> 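What follows is a single structure, and I will ask about it in a moment.
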Amino acid sequence: MFKRALAAAALVAAAFTATPAHAQATLDAVRARGQLVCGIHTGVAGFAQPDSRGEWQGMDVDLCRGLAVAIFNDATRVRFVPLSSATRFTALGSGEIDVLFRTSTQTMLRDTTLGLRHAVTYFYDGHGFIIRSNLGVRQVRELNGATICLIQGTTNEQVTADYFRSINVPFRPVLFERLDQVVPALIAGRCDAFGTDASQLAGVRSTMQTPAQWTILPERFSKEPYGAYVRRGDDNWLDIVRWYTYAVIEAEEQGVTQANAEQQRATSTNPNTRRLLGVTPELGESLRLDRNWIFNIVRSIGNYGEIYERHMGERTPVALPRGPNNLWTNGGLIYALPLR
Ligand SMILES: N[C@@H](CCC(=O)N[C@@H](CS)C(=O)NCC(=O)O)C(=O)O
């Protein structure tokens with residue numbers, strides 16, 4: 001009897017750990033607050049960076065805004081919380097933010113051990129290194145005994161250590177918490193190289209005074225697929241974040257753009273497009289959202305390709321070719337599960 005009571009108590013305790021007070025109700029909490037709270041990067045070109053008016057800009061930032069549109073039909077109903085790599089997951093776990101769109105790689109151990117869930121891959125990246133061009137290094141293995149700047153709490157820390165160990169070449173890591181500490185250290189020559197995701201290297205290089213003096217070495221050392229993270233235990237919220245991300249991609253697949261969404265909604269006879277744009281209501285209803293949620297999102301932030309072009313396309317300083325972040329129909333990896 002006693003044993004059984006103990007087992008029952010353990011079950012209850014386990015249920016409490018797995019289902020904290022704020023679980024199961026994120027959408028309701030966001031609605032009641034009148035605002036989404038979104039965790040983003042502290043500042044990296046292309047994903048999240050304040051512009052000259054102090055307004056956040058970037059792909060992660062727009063994905064936060066689009067989620068606010070899905071819920072409120074208002075892109076301004078979002079508060080951004082810039083987070084370092086080391087603090088981002090605890091901030092989510094503790095309920096400080098509702099969702100994390102922050103250049104965060106999806107890995108098995110992050111998924112299984114942090115009390116969090118990651119949603120959909122919205123950006124495919126890989127780890128690389130940047131060096132001063134006149135260092136004369138062509139391959140990373142030549143960085144023998146080099147000092148390498150890294151950021152604490154990133155996958156990049158581990159990827160770098162793993163690589164140099166695997167080729168039995170020594171290096172000296174110098175750890176920082178934030179990118180805005182690494183860049184001055186690089187410029188001052190405190191480190192010979194900086195290792196992080198290649199897209200962020202492109203962002204860093206684009207903000208250097210003389211980008212040509214900096215070289216991003218061509219090798220890639222890991223898979224760094226980015227996904228949004230949410231807390232475990234709130235399936236409805238995970239569904240929203242997951243299908244929201246697919247919707248942004250699906251809009252590009254179907255050729256629905258910021259400019260033509262209105263007309264497509266009025267005239268399209270394609271059942272997929274009619275569902276996507278809320279002419280028939282089932283997609284929004286299934287998530288407890290307005291039937292026009294995707295229409296509103298696309299009108300507000302555009303489809304995936306439009307977001308990409310705006311923040312890292314050829315006409316931006318980041319100028320990152322789409323490569324794996326092209327649609328699967330164009331030879332890339334970006335692929336939405338069917339919205340039906
Ligand atoms: N994708 C990697 C790293 C992402 C990342 O954000 N890296 C750098 C930016 S280059 C960073 O941590 N910056 C911290 C900051 O500036 O706050 C991960 O998920 O661990």
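Just so you know, ligand 1 is whichever comes first in the structure, and atom 1 is the first atom listed for that ligand. Note that the coordinates shown come from a computational prediction; the quantities given were computed from them, not determined experimentally.
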> Where does D197 meet ligand 1, judged by heavy-atom distances below 4.0 Å: at the side chain, the backbone, both, or neither?
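Near ligand 1, D197 shows its side chain, while the N, CA, C and O stay back.
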> What part of T105 sits under 4.0 Å from ligand 1 if we count only heavy atoms: the side chain, the backbone, both or neither?
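Contact part for T105 vs ligand 1: both backbone and side chain.
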> For T42, counting its heavy atoms only, list the atoms of ligand 1 lying under 4.0 Å from any of them.
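Listed by number with element: 15 (C), 16 (O), 17 (O).
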> Run the side-chain contact (heavy atoms from CB on, under 4.5 Å) test against V120 and tell me which residues pass, sequence neighbours left out.
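Once residues adjacent in sequence are excluded, the partners of V120 under the side-chain contact (heavy atoms from CB on, under 4.5 Å) criterion are R242, T245, Y246.
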> Roughly how far apart are R310 CZ and Q258 CD, rounded to 0.5 Å?
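One finds 5.5 Å between CZ of R310 and CD of Q258.
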> Is it true that the NZ or CZ of R322 lies under 6.0 Å from the centre of Y308's six-membered ring and within 45 degrees of the ring axis?
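Yes, a cation-pi geometry.
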> Under 4.0 Å from a heavy atom of S104: which atoms of ligand 1 are those, numbered in the order shown and with their elements?
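The atoms of ligand 1 under 4.0 Å from a heavy atom of S104 are 19 (O).
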> Does the separation of the ring centres of Y229 and F89 fall below 6.0 angstrom?
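They qualify: ring centres under 6.0 Å apart.
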> Does the residue Q152 have a heavy-atom contact with ligand 1, meaning some pair of atoms that are separated by less than 4.0 Å?
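The answer is no: ligand 1 sits nowhere under 4.0 Å from a heavy atom of Q152.
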> With a heavy-atom distance limit of 4.0 Å, tell me whether H41 approaches ligand 1 through its side chain, its backbone, both, or neither.
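Only the side chain of H41 comes within reach of ligand 1.
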> Does even one non-hydrogen atom of R88 get within less than 4.0 Å of ligand 1?
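Contact check R88 vs ligand 1: positive.
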> Just to confirm my output: which protein heavy-atom neighbour is closest to atom 2 (C) of ligand 1, and how far is it?
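The closest heavy atom on the protein side is T155 OG1, 3.2 Å.
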> May I ask you to identify the nearest protein heavy atom to atom 16 (O) of ligand 1, giving residue, atom name and distance to one decimal place in Å?
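Sorting protein heavy atoms by distance from atom 16 (O) of ligand 1 puts L179 N, 2.5 Å first.
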> Heavy atoms only: which of Q200, R102, R178, R110 is nearest to atom 19 (O) of ligand 1?
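Among Q200, R102, R178, R110, the closest heavy atom to atom 19 (O) of ligand 1 belongs to R110.
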> Any N or O of I151 that comes nearer than 3.5 Å to an N or O of ligand 1?
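By distance alone, the answer is no.
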> Can we say R33 and D98 salt-bridge, meaning some charged N sits less than 4.0 Å from an Asp/Glu carboxylate O?
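Judged by the 4.0 Å cut-off on N to carboxylate O distance, R33 and D98 do form a salt bridge.
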> For atom 3 (C) of ligand 1, grab the closest protein heavy atom and report residue, atom and distance to one decimal in Å.
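Checking every protein heavy atom, the shortest distance to atom 3 (C) of ligand 1 gives N156 OD1, 3.2 Å.
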> Among all residues two or more places apart in sequence or in another chain, which pass the ring-ring contact (aromatic ring centres under 6.0 Å, His included) test with F176?
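For F176 there are no ring-ring contact (aromatic ring centres under 6.0 Å, His included) partners, ignoring immediate neighbours.
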> With heavy-atom distances below 4.0 Å as the criterion, list the atoms of ligand 1 near S84.
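Per the distance check, 17 (O).
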> Are the charged groups of E285 and R291 less than 4.0 angstrom apart, N to O?
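Result for this pair is no, no salt bridge flagged.
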> What residue and atom, counting heavy atoms only, is the protein's closest point to atom 12 (O) of ligand 1, and at what distance?
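That would be S85 OG, 2.3 Å.
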> Test of understanding: given a 4.0 Å heavy-atom threshold, classify the contact between V204 and ligand 1 as side chain, backbone, both, or neither.
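No part of V204 comes within reach of ligand 1.
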> What class does the angle between the rings of F123 and F47 fall in, given that below 30° is parallel, 30 to 60° is tilted and above 60° is perpendicular?
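Because their plane-to-plane angle is over 60°, the rings of F123 and F47 count as perpendicular.
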> Relative to ligand 1, is T103 under 4.0 angstrom through side chain, backbone, both or neither, heavy atoms considered?
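Answer for T103: both.
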> Indicate the atoms forming the closest heavy-atom contact of G128 with L201, along with that distance.
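For G128 versus L201, the nearest heavy atoms are C-CD1, 3.3 Å.
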> Does the residue V44 have a heavy-atom contact with ligand 1, meaning some pair of atoms that are separated by less than 4.0 Å?
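No, that is not the case, since the closest heavy atom of the residue is not under 4.0 Å from the ligand.
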> Examine ligand 1 and decide if any of its atoms is less than 4.0 Å from a heavy atom belonging to Y226.
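So Y226 counts as touching ligand 1.
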> How far apart are the C-alpha atoms of Q254 and T273, what are their side-chain angles, what is the distance that settles it, and do they pass the side chain to side chain donor-acceptor pair (under 3.5 Å) test?
CA-CA 7 Å; Q254 293 194 28; T273 305; 2.6 Å; yes
> For the ring-ring contact (aromatic ring centres under 6.0 Å, His included) test, which of Y244, F101, Y304 pairs with Y122?
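That would be F101.
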